[in-house]
Amino acid sequence: MWTAGRVTGILFHGVLAALVLLGARDVFFQYEENRCSMTYMFDYPEYLRIKLPKKISKRYPAYELYLYGEGISAEENRNLILTGIPILFLPGNAGSFKQVRSLGSIALRKAEDMDFKYHFDVFSVNFNEELVALYGGSLQRQTRFVHECIKIILKLYKGHEFAPRSVAVVGHSMGGLVARALVILKHFKPELLNILITQATPHVAPVLPLDQYLADFYSTVNHNWIQKAQEIRNLTTLSVAGGFRDYQVRSGLAFLPSSNSQNCALSVASSAVPRVWASTDHLSIVWCKELNLATVRAFFDLIDDNTKQITENPQRKILVLNHHFLRYPGKLFEERPESLTELTEASVWINIKTSKWSYKGYNESDGKYFSFSLSSQRKSFTHIYCQNSILDTNSWIFGCVNSTSPKCLQAIDLSWNAELLPTVKIVTLKLQDYPSLTHIVLHVPVVNGIKFTLDCEFFNEVSRTVQLPVTHLFSFGFSSSKIILNSTGLIHIVQLQHFGQIYQAFNIFIESKCQILKERKPSVYQLHIPWSHEDSLTLSQDSLTEISAKLHIAQPENDSTVPLLKIYSSSDCQYEVTVKTSFLQVLGQVIRFHGGTLPMYIISNILLAYRRQLRSLVSTGQCSDFVPALTKAAKPYKIEPIAYMIKFLLGLNWFKGLRNSELDRVTVNNQDLWFPFVSLILFMFGTGIAYWGGILLESSIRLLSSLQLVLTRPSGLPSDNSLITRLRFSVAVSMFFLSWTTCGALAIMMTYFHYIFKVVNFHSNLRSELSVCNAPIKNPEPKSDDSENEGRNSCRSEDCPSEARNSFSTTMANDSIIDSLKMHVTVINLITWIVLLSCPSLIYWLKNIRYHIRLDPDPCRFVAVILIVILGILMNTSTTKLKSSKLLKIAAYFPVLFSVAAVVFAPVYLYQMPYFVIIPLFLHSLCSIV
């Protein structure tokens with residue numbers, strides 16, 4: 001019968017689990033649809049396997065190198081007479097070498113359009129779809145193989161007139177990290193790698209640091225990347241993040257560390273890339289047509305006409321990448337545009353004397369020049385803004401240095417300052433930056449019947465800039481911040497004050513009221529984050545538009561800039577901007593940035609319940625169920641203040657000499673002001689998950705025991721015997737041998753299922769024994785003498801057999817089995833998380849068993865050896881010996897210590913989680929035998 005406390009606990013933990021699901025929904029199911037176009041092949045794609053030297057094939061039997069081709073190009077490549085420019089594609093975690101086909105197909109079609117003046121040979125590496133994001137033991141092997149592939153590729157061009165000396169690399173996900181890791185190889189020559197483009201690669205830290213090898217690999221790569229900055233100064237790196245649709249790798253991890261030289265490294269979110277303007281998920285970033293077009297255009301613009309290969313000039317490379325991935329002005333790239341030109345064409349010249357001007361046109365026989373005089377505007381205005389809807393126009397706005405009406409003898413092409421937005425090109429010029437200019441000239445070419453518009457206005461920046469404080473994090477969307485833009489200008493700038501933390505998330509509602517609704521032009525809303533390239537653009541023709549505002553990277557401490565909402569509007573519209581805190585998106589941000597630490601918080605809660613059970617054995621001699629123990633023990637106010645104090649102490653100068661780069665991520669800093677709030681949320685989420693996980697585990701054991709009672713005949717309750725028998729010793733030795741010769745995770749998994757089988761057998765035998773006296777399995781509470789006499793008398797009915805009537809010792813034995821069963825359930829609950837986190841290495845071993853029987857390196861081998869011993873003791877002992885141990889009082893303190901440690905070190909040491917469980921269980925097993 002359920003008590004009111006049990007019902008309340010179910011409701012409370014049900015709400016916590018629901019909040020986790022709601023927050024996860026914001027992360028995994030974005031409201032924004034996938035706006036990327038699929039890349040299609042015009043011919044059947046073919047992958048030509050490159051024959052590797054026997055020495056390389058023997059050393060790396062699971063890896064291969066392929067050359068991509070289609071149709072005629074695939075036939076021409078069969079003889080490996082290559083004359084193009086080599087590009088090497090590296091797939092990521094569980095990625096296929098066939099993912100290269102989008103990039104390879106677009107590069108081929110681009111070369112066809114240029115009559116094969118230049119073309120690229122696109123190679124791809126087959127990493128056997130290894131789970132390198134979860135198992136780091138093969139990352140160094142992959143890196144060494146890529147080095148060999150680069151040398152093999154360059155040998156294919158040996159003897160050619162324009163033989164390449166380097167290879168361009170495109171890496172997806174962990175493939176980008178492998179490419180960066182080339183610099184840590186002892187015999188790698190940096191000049192072999194010319195340009196590196198990574199897609200959704202977690203550069204800063206692993207998404208889930210599940211083993212020591214993964215954490216060490218990241219530490220080594222990032223450390224050497226900084227130390228060898230001078231050696232790799234000619235290597236240009238571009239990192240493209242997927243944005244908020246990428247729920248596997250958040251964009252903050254994909255941005256290159258700020259310590260890299262700004263002259264050779266660039267990071268950008270796909271939502272900010274011109275002509276892409278879309279967030280991509282982790283897989284679509286590979287086949288997104290718009291992004292591949294930008295990448296291929298950049299590659300072709302990087303070609304040096306003299307060497308017929310990618311340029312080795314770092315300045316040109318970074319200019320090209322900026323042109324295509326940051327600020328595309330809507331014109332072809334020119335390395336050195338002419339600074340002065342003469343506008344002497346026989347076109348119509350029109351002088352404009354108003355501060356706001358608009359022109360609509362269709363087809364014109366001759367082009368037109370519209371001239372604005374700056375002398376009459378400088379005193380009243382500070383900026384000029386122009387927008388042009390002719391997207392294929394190259395040079396369209398000029399500044400006159402020397403003008404004679406109606407022509408401009410010397411003009412500066414200002415269209416390089418333009419920026420391409422959806423449906424329009426815009427340019428905003430600060431007049432003070434051009435003191436020598438006398439006129440601004442707009443050129444309208446012949447457009448062949450295409451409808452277009454030109455709009456310009458002079459304005460004061462102060463009059464178009466308004467400040468809008470965002471709502472407080474704890475308002476939960478019940479309050480709002482609102483502002484009305486009464487001006488009818490073409491551009492409005494809204495400064496979002498106090499918006500700089502990653503835990504802040506808002507819904508911005510923009511309501512437009514336009515005078516003319518039929519011919520209303522779409523408005524463009526740009527959320528600009530000044531400290532990182534993570535802008536997002538929204539195109540809307542609706543009267544009410546909702547925009548999601550949240551950050552990939554928190555505002556740096558020394559940065560005083562403010563996020564901006566830029567509204568590129570119609571001149572006949574007025575706007576009302578409203579900001580509200582989105583509670584669900586706040587939860588989504590917490591899960592996005594800290595979801596990987598949830599297992600540690602779950603373990604922390606289970607350890608608290610485990611400690612409650614041990615203390616119950618000390619005080620009452622009986623063990624409570626896991627779920628009631630968790631409900632009573634999981635008190636965040638007992639853990640969070642201590643954890644926060646430890647983090648604060650670790651952040652003091654006294655501990656600087658003891659800290660490393662990973663431990664620095666644990667400490668509390670001034671920027672992370674909301675950490676206690678976030679940690680509290682994660683702890684409560686962990687409580688809810690541990691609660692329902694415990695209920696699921698207990699229900700599963702009952703179900704399996706019922707099934708066993710139906711299928712088999714109970715063998716009876718176990719009798720007290722020696723801990724070590726010949727059978728148990730043989731099983732332990734076989735598990736040791738298995739873990740040492742094959743895979744430690746396999747031994748952990750088999751020992752885990754052996755433990756579950758024993759517990760299910762205990763449970764079914766106990767149910768069979770108690771069913772004789774119609775006694776249910778219940779949680780025994782401390783009983784008085786009268787209740788004990790009543791319990792003994794309950795077996796004296798005529799329905800009970802004569803052997804059970806006066807068997808007080810049997811009742812006590814059954815109670816001991818019940819206590820042991822409850823303790824076994826908690827131990828299984830703890831071991832379950834060790835098993836889950838060891839699964840990646842087991843999957844990796846299973847996929848590569850045909851190449852290597854023994855997993856090397858194995859992150860779980862040492863853990864397996866210890867667990868085999870501990871679980872071998874625990875599954876064969878009862879709480880009777882445990883209660884009589886003198887070490888039990890000491891052992892009962894350790895779970896809470898490691899519960900606090902799990903909360904403190906959750907952001908970094910996820911791979912150390914098994915030891916947070918093993919040490920308390922080791923003391924438990926020690927109490928069972930001492």
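Residue numbers run from 1 in the order of the sequence given.
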Check against side chain to side chain contact (heavy atoms under 4.5 Å, CB included), Ile493 and Val466: CA-CA 6 Å; Ile493 302 175; Val466 296; over 6 Å; no
Pair Cys573-Lys513, side chain to side chain contact (heavy atoms under 4.5 Å, CB included): steps then yes or no: CA-CA 5 Å; Cys573 296; Lys513 299 177 182 179; over 6 Å; no
Derivation of the side chain to side chain contact (heavy atoms under 4.5 Å, CB included) call for Ile310 and Ile195: CA-CA 9 Å; Ile310 291 180; Ile195 186 167; 4.2 Å; yes
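- For the pair Gln526 and Glu419, the minimum side-chain heavy-atom distance is below 4.5 Å.
- At least one donor-acceptor pair closer than 3.5 Å links the side chain of Ser463 to the backbone N or O of Asn460.
- No donor-acceptor pair closer than 3.5 Å links the side chain of Gln585 to the backbone N or O of Lys550.
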Check against side-chain hydrogen bond (donor to acceptor under 3.5 Å, both in side chains), Thr561 and Asp559: CA-CA 6 Å; Thr561 56; Asp559 195 317; 2.4 Å; yes
Candidate pair Gln387 and Tyr385, rule side chain to side chain contact (heavy atoms under 4.5 Å, CB included), full reasoning: CA-CA 7 Å; Gln387 66 179 27; Tyr385 170 84; 2.9 Å; yes
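- Using a 30° and 60° split on the angle between ring planes, Phe458 and Phe372 fall in the perpendicular class, above 60°.
- Taking the six-membered ring for Trp, Tyr328 and His323 have ring centres closer than 6.0 Å.
- A heavy-atom distance below 4.5 Å is not found between the side chains of Trp416 and Ile397.
- The side-chain heavy atoms of Leu473 and Val586, taken from C-beta on, include a pair separated by under 4.5 Å.
- Counting only distance, with no hydrogens or angles, the side chain of Asn313 and the backbone of Gln315 share a donor-acceptor pair below 3.5 Å.
- At least one donor-acceptor pair closer than 3.5 Å links the side chain of Asp281 to the backbone N or O of Leu283.
- Within a 6.0 Å sphere centred on NZ of Lys289, heavy atoms belonging to other residues, nucleotides or ligands number 12 at most.
- Under the 30°/60° scheme for interplanar angles, the aromatic rings of Tyr369 and His443 are found to lie parallel.
- By the 4.5 Å heavy-atom criterion applied to side chains, Leu537 and Val524 are counted as neighbours.
- Remark: Lys331 engages Asp413 in a salt bridge, criterion side-chain N to carboxylate O under 4.0 Å.
- Side-chain atoms of Thr545 and Ser540 include a donor-acceptor pair closer than 3.5 Å.
- Counting only distance, with no hydrogens or angles, the side chain of Glu534 and the backbone of His552 share a donor-acceptor pair below 3.5 Å.
- Using a cut-off of 4.0 Å between Lys/Arg side-chain N and Asp/Glu carboxylate O, Arg464 and Glu457 are scored as salt-bridged.
- Put simply, the side chain of Val320 does not reach to within 4.5 Å of the side chain of Phe299, judged on heavy atoms.
- Between Phe120 and Phe300, the gap from one ring centroid to the other is short of 6.0 Å.
- The main-chain N or O of Ser251 is never found under 3.5 Å from a side-chain atom of Asp246 such that the two would form a donor-acceptor pair.
- Under the 3.5 Å distance criterion, with hydrogens and angles disregarded, a donor-acceptor pair is assigned to the side chains of Tyr575 and Ser523.
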